[in-house]
Amino acid sequence: MTINATTFAKYAADPGAFRAALTVDVDGVARRFGDCMDDWQRADFASLDSALMACNGRKPDGNAKQRAYLERPRGHSKTTDLAVTCLWALAFAVRPLKAYAYAADKDQARLLRDAMQNLIRLNPWLAALLTVEASRVVVSATGHPGAGGSLSIETSDTASSYGILPDLIIADELTHWQGDGSLWHSLISSAAKRSSCFLVVISNAGFAASWQWRVREAARLDPAWHFSRLDGPVASWLSPARLAEQRRMLPAVAYARLWENQWSSGGGDALTESDINAAFDECSAPMTSKPPGYLFCSGVDLGLTRDCSAVVTLAVPVGGTAGRIRLAKQKLWRPTLGKKIDLSDVERYILSLDERFGVECVAFDPWQAELLAQRLEADSGRRRRNQQRRFGSLPWMREVPPTGANLREQATLIIESFQDRRLQFFPCEPLRRDLLKLRVEERSYGVRLTSPRDGDGHGDTFSAFALALLVAHELAGKRPVAAGVVDDDDAEQTPLQRHLVRVQRMADEINAERQAASKWNESQYETARAIAELGGAKRLPY
């Protein structure tokens, strides 16, 4: 599909005409954007058009507001509307455009790239003008006046923003950016290098005690900025049922921030203070031995120079019996100035936990702790990652990569566990502090929980707890399918336990014979086969 010169000129002169004719994906159905836009979207787009046409050289306007701050709740087409805006700026530029989009992290940056790629797929004539690369969208059409121009899609990395000479800057989901605002400071100063540079911020509400709030207030009060805010969920495509589900699933404060676009005054909004307080029992203490009726699992979060390392161990009632998941042990290592954390200390501590509690499973982020996991498997004698203990589906060192599915599951499990009063903690100030500042962040896969970096760390104890809780939830309610090492002379063994011990011993004998048989020559193997076929007792290593 192509467009003729007349249509191209029409779209170039009027971004609104381009948007109206653009084909977009609406719940899997291709529709004209002009037929499904809400009025508030039209108003926002119209307010940006003069500055947009000035930044790519189409229509210089000395009176255009070259700064915009759009504050929208979750689910209000932030990414799609940014993608549409960037596509027009590139496709109809009269010179090579230098555009930059900055997102909170790689996941968020990928959303904008994918949204632009999807729009190009649905509007094939754009594919003749633009090429989508791994982290850029480039004007690639031969003879195009903007050929060579590009939109670079970056994460919030301060170093990458210095030295740029931009025509267009997109600050996507500003309230989710980590750090002290250094990236923002470099971007706003870079935007001043060109009078026609257009800077657009789009985000939902955040936390009042943050640098993002100061940016937002400065933009709202500055007459040189266009400021727009939506009061709550107003998008026509959001059903009452979907909003009701979100209201049930999220803490009230988090729902108000994400969906009602209300700035939060507290440090965290994932959990209420009453739910956190209910989990802590002032009369409890760290566990020093392994009581009957509990299984133990640990989570480990590693830091080296900037962040702390933490290990959290939980005690889980066996076999679905009544009782709350207990905090058994917690350990935190802090780096000191000029000195890294000694990870061998962490390794020795985990081995001591296993010796004391018989830890069923150690959950870790493989991107952080793969080497530590390999050492622990070797030091503990569990040399294979699939070395299994009591439950067939759980290896001892359990990899939990920070995928969208895992982060969403952790967020849901933690919120529900606190709301349902499933947890019992001894007084543990690092964990309490991390829980109080815990925040809900929206992502394409749902929500995740984050802890902002401050003088006390980056939520390291919480991260270890979240990993441990994920496997603790799997252990809870399950019954062992194979017994561990049990002493035959133990007078308290049940008949079932004694039977399982015998089965385990038979399995050990078979494995030993298999290992021995692997060293046989062909003659020995054939002799053993003949004996077996004649009814002899010699087993073959099947």
Side-chain angles (χ1 to χ4, degrees), residues 1-61 64 66 68 77-101 111-153 166-168 170 196-198 200:
M1 176 183 175
T2 60
I3 59 172
N4 56 36
T6 301
T7 303
F8 186 91
K10 175 184 175 182
Y11 293 167
D14 182 6
F18 166 77
R19 291 190 294 267
L22 201 66
T23 301
V24 297
D25 183 344
V26 180
D27 285 336
V29 178
R31 294 184 59 188
R32 291 177 69 254
F33 197 28
D35 295 336
C36 54
M37 267 192 287
D38 281 359
D39 289 342
W40 52 267
Q41 281 178 288
R42 298 179 192 278
D44 273 347
F45 278 128
S47 67
L48 305 181
D49 282 348
S50 294
L52 187 62
M53 298 181 76
C55 84
N56 77 346
R58 273 289 161 187
K59 188 178 179 182
D61 183 353
Q66 298 299 128
S77 193
K78 293 191 288 287
T79 301
T80 296
D81 290 3
L82 283 181
V84 171
T85 299
C86 292
L87 285 176
W88 186 91
L90 290 171
F92 300 102
V94 300
R95 54 181 171 77
L97 198 69
K98 295 179 180 178
Y100 302 85
L111 288 179
L112 178 58
R113 172 194 173 276
D114 291 349
M116 296 180 72
Q117 187 173 46
N118 194 41
L119 288 169
I120 292 173
R121 178 183 62 83
L122 292 170
N123 300 271
W125 63 271
L126 283 171
L129 306 176
L130 307 174
T131 299
V132 179
E133 299 178 354
S135 59
R136 293 197 312 162
V137 180
V138 182
V139 181
S140 54
T142 303
H144 191 292
S150 66
L151 171 74
S152 297
I153 305 174
D167 298 296
L168 173 65
I170 301 294
S196 61
C197 178
F198 185 27
V200 182

Q. Hey, mind stepping through Ile120 and Gln117 against side-chain contact (heavy atoms from CB on, under 4.5 Å) and telling me if it holds?
A. CA-CA 5 Å; Ile120 292 173; Gln117 187 173 46; 5.7 Å; no
Q.
Checking Val138 against Leu130 for the side-chain contact (heavy atoms from CB on, under 4.5 Å) test, could you report, in this order, the C-alpha distance in whole Å, the side-chain angles of both residues, the deciding distance, and whether it holds?
A. CA-CA 6 Å; Val138 182; Leu130 307 174; over 6 Å; no
Q. Is there a side-chain contact (heavy atoms from CB on, under 4.5 Å) between Phe33 and Phe45 once you walk through the steps?
A. CA-CA 12 Å; Phe33 197 28; Phe45 278 128; 3.8 Å; yes
Q) Regarding Ser47 and Asp44, is there a side-chain donor-to-acceptor distance under 3.5 Å anywhere? A) no
Q: Assign the ring pair Trp125 / Phe92 to parallel, tilted or perpendicular, where the plane angle (0 to 90°) is split at 30° and 60°.
A: tilted
**Q.** Nearest heavy-atom neighbours spanning Phe18 and Val84
**A.** CE2-O, 3.9 Å
Q) Any donor and acceptor pair, going by atom type alone, linking the side chain of Arg58 with main-chain N or O of Asp14 inside 3.5 Å? A) no
Q: With Leu90 as reference, evaluate Leu129, Leu168, Val137 under the side chain to side chain contact (heavy atoms under 4.5 Å, CB included) test and give the passing residue.
A: Val137
Q. Can you find a heavy atom in the side chain of Val24 that is under 4.5 Å from one in the side chain of Cys36?
A. yes
Q. Are the side chains of Lys98 and Pro166 in touch, meaning some heavy atoms are under 4.5 Å apart?
A. no
Q: Find the distance between CG (Asp167) and CG (Leu97) and round it off to the nearest 0.5 Å.
A: 4.5 Å
Q | Inter-residue atom distance Leu151.CG - Glu133.CD, 0.5 Å rounding | A | 11.5 Å
Q | Heavy-atom pair with the smallest gap, counting every atom of Ala115 and Thr79 | A | CB-CG2, 3.9 Å
Q: Mind listing the closest non-hydrogen atom pair of Arg95 and Ser196 along with its distance?
A: NH2-OG, 4.1 Å
Q) For Tyr11 and Ile3, what are the C-alpha separation, side-chain angles and deciding distance, and is it a side-chain contact (heavy atoms from CB on, under 4.5 Å)? A) CA-CA 10 Å; Tyr11 293 167; Ile3 59 172; 4.2 Å; yes
**Q.** Over all atoms of both residues, closest heavy-atom pair of Asp49 and Gly16
**A.** OD2-N, 4.2 Å
Q: Taking all heavy atoms of Cys86 and all of Ile170, pick out the closest pair and write down the distance.
A: SG-CG1, 3.9 Å
Q) Is the backbone of Ala54 close enough, under 3.5 Å, to the side chain of Asp61 for a donor and an acceptor to pair up by distance? A) no
Q | Short side-chain to backbone donor-acceptor contact, Arg42 and Gly34, under 3.5 Å | A | yes
Q: Give, for atom CZ of Arg19 and atom OG1 of Thr85, the distance between the pair rounded to the nearest 0.5 Å.
A: 6.5 Å
Q: Please check if the side chain of Asn123 supplies one atom and the backbone of Thr23 the other of a donor-acceptor pair under 3.5 Å.
A: yes
**Q.** Minimum side-chain heavy-atom gap Thr80-Gln41 below 4.5 Å
**A.** no
Q: Could you grab the distance from atom CD of Gln66 to atom SG of Cys197, nearest 0.5 Å is fine?
A: 8.0 Å
Q: Please report the closest heavy-atom contact between Phe198 and Val200, naming both atoms and the distance.
A: CZ-CG2, 3.4 Å
